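This report concerns only the one structure given below.
Computed from heavy atoms alone, side chains included, the values below leave out hydrogens, waters and symmetry copies. Here the structure is a predicted model, which is why all the values come from computation and not from measurement. Below, chains carry the letters A, B, ... as their sequence lines are ordered, and counting in each starts from 1.
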2 protein chains.
Amino acid sequence: MPSRTVEDYLKHLYLLEKGGQTPASQVAMGGLAAAVGVTAGTATSMVKSLSDSDLVDYEPRAGVRLTRAGTKLALQVLRRHRLIELFLVQTLGLDWSEVHEEAEELEHAISDKVLEKIDTLLGHPDTDPHGDPIPPSTGSPKQEKLTPLNDCAPNTTAKVARVRDQEPEFLQFVDKHGLTPGAQFTVESHTPSADAITVRPHDREPVTLGSAAAGKIMVKVGR
Amino acid sequence: MPSRTVEDYLKHLYLLEKGGQTPASQVAMGGLAAAVGVTAGTATSMVKSLSDSDLVDYEPRAGVRLTRAGTKLALQVLRRHRLIELFLVQTLGLDWSEVHEEAEELEHAISDKVLEKIDTLLGHPDTDPHGDPIPPSTGSPKQEKLTPLNDCAPNTTAKVARVRDQEPEFLQFVDKHGLTPGAQFTVESHTPSADAITVRPHDREPVTLGSAAAGKIMVKVGR
DNA sequence: GATTTGACTTTGACTACTCAAAGTATACAC
DNA sequence: GTGTATACTTTGAGTAGTCAAAGTCAAATC
């Protein structure tokens, strides 16, 4: 069974590959080291050993990429993480801003048996509280095409689909203004020169966001 | 924060101290090593380091005993373990024969915050599915005086209070014959020379046990 | 009281992970 | 094309835990 450390490296590698837009290119060592929270030297030696286990392809000084086996393992970890997050919110009533931290620990401790009980209890959900897709037990998650809130024109009506940040402070802000996944809203104004976009969630006061914040909110236009 | 390994040593030490009857005497190294599942040498060196952290008192070749601080930590681990067991049975619907194993992992991963949510969800229970007392978040569990099924005379009516074994096979047997904690029964016969005791659970067929099995079932006489 | 046995401790070595610091390659500037 | 900055790799060392095997103590046996 892969160690907790291996699981963490693979998970972050997967997120970096997907985060880096479509060509799912090689990941730089520096980025991986920062994501996992170790020094560059540590990441190098760990990646070498992952490469020996055929979980990644590694080209020194070029970068690292998950193999098929590595991707499969990473998706299992991610599935655990995201199901646990949803479970903590829905069943135990934790706040969505704190469940990411909790799940970081539990994702390495939970058995398949317990995980599938949770999946059943929750009704086989396909997204977690942040709107991130929950990978199925085999295969890859299906990615919907989403638009960053940044790119919405005034008067657009849309629905929040995903919030791509795990900072509790940001998540609490989002929650307070009614922009959690599922929320519908209308874009009131968008002035790129002022780096600002104002949206009005249905049933809430309008709120103005800078582009850094708006870029983290992915929406589905329409309805 | 104590490592997972430290938590395991302290937990087993606590169980051995209590298991060894009232004078809560020193625990022999061999017993501890066997309980934790390491060689004797490993246990010696670990105990020395626990002693340096003032979690145990250690007298070479005599034995080891938890300090007040060690006991406190051990009780926290045990609380986590037993609340998790009950949670897995009650909320997730796992079989009581398999939750001990699962809880061995989860007891090291769960935060206080999640634990207290579970405690609330379950209504602040005071025993786990095996009848073992759940220590309160501070202080010691209160121990009820219980009688081993062994010591029951014929025609006694009693209630199963606690099953002191974690072997899935034994637990499944106990469940199958309706002798789980809470079950009431009457002792039909008890023949020490044949090493056998026959009990009839209310609403079930009678079942005969040898003294090794009957000794693991603790009951509360009366009603 | 000498010997044997069993329990315990010590020693040396190994795995898995980590960091700091020194070394090296690449790429970019000029 | 030479120089320098940056990113990466290598090296050496440390921590936490483990085992196997050798050594030691103490209690039971004779």
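- One interatomic measurement links the two molecules: CG of B:L32 to P of D:dG17, which rounds to 14 Å at whole-angstrom precision.
- Relative to the side chain of A:R61, the nucleotides C:dA25, D:dT18, C:dT18 differ in distance, and C:dA25 lies closest.
- With rounding to whole Å, B:L50 atom CG is found 12 Å from D:dA16 atom P.
- Contact annotation: A:Y9 does not reach the phosphate of C:dA16 (side-chain N/O to OP1 or OP2, under 4.0 Å).
- Using a 4.0 Å heavy-atom distance criterion, B:A28 is classed as a sugar-phosphate-only contact.
- Across all strands, A:T5 comes closer than 4.0 Å only to sugar-phosphate atoms, never to a base (heavy-atom distances).
- Remark: C1' of D:dG17 and CZ of A:R4 are 16 Å apart, rounded to the nearest angstrom.
- Phosphate contact (OP1/OP2 of C:dT10, side-chain N/O of B:T44, threshold under 4.0 Å): absent.
- In this structure, A:G41 reaches the bases: a heavy-atom distance under 4.0 Å links it to at least one base atom across the strands shown.
- Heavy-atom contacts from other residues, nucleotides or ligands closer than 6.0 Å to NZ of A:K72 number 12 or fewer.
- Counting only heavy atoms from C-beta on, B:Y58 has its side chain closest to C:dT9 among C:dT18, C:dT9, D:dT9.
- A donor-acceptor contact under 3.5 angstrom links the side chains of B:H108 and B:D8, judged on distance only.
- Around atom CD of A:E101, no more than 12 heavy atoms belonging to other residues, nucleotides or ligands sit under 6.0 Å away.
- The side chain of A:M29 approaches D:dT9 more closely than any other nucleotide in the set C:dA20, C:dC17, D:dT9.
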Margin query: Go through it in stages, so that I can follow the logic: the residues are B:D195 and B:S211, the test is side-chain hydrogen bond (donor to acceptor under 3.5 Å, both in side chains), and I'd like the CA-CA distance, side-chain angles, deciding distance and then a yes or no.
Written below: CA-CA 6 Å; B:D195 186 43; B:S211 64; 2.4 Å; yes

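- Atom-to-atom, NZ of B:K48 to C1' of D:dT18 comes out at 15 Å; the value is rounded to the nearest Å.
- The number of heavy-atom neighbours closer than 6.0 Å to CD of B:E169, taken from other residues, nucleotides and ligands shown, is 12 or below.
- Nearest nucleotide to the side chain of A:T42, out of C:dC17, C:dC19, C:dG23: C:dC19.
- Counting only heavy atoms from C-beta on, B:M46 has its side chain closest to D:dG17 among D:dG17, C:dC8, D:dT9.
- Between A:H108 atom NE2 and C:dA16 atom P the separation is 18 Å, expressed in whole Å.
- Within 4.0 Å of B:S49, counting heavy atoms only, lies no atom of the nucleic acid at all.
- Projected onto DNA chain C by closest heavy-atom contact, A:T39 and B:S45 fall at different nucleotides, the more 5' of which corresponds to B:S45.
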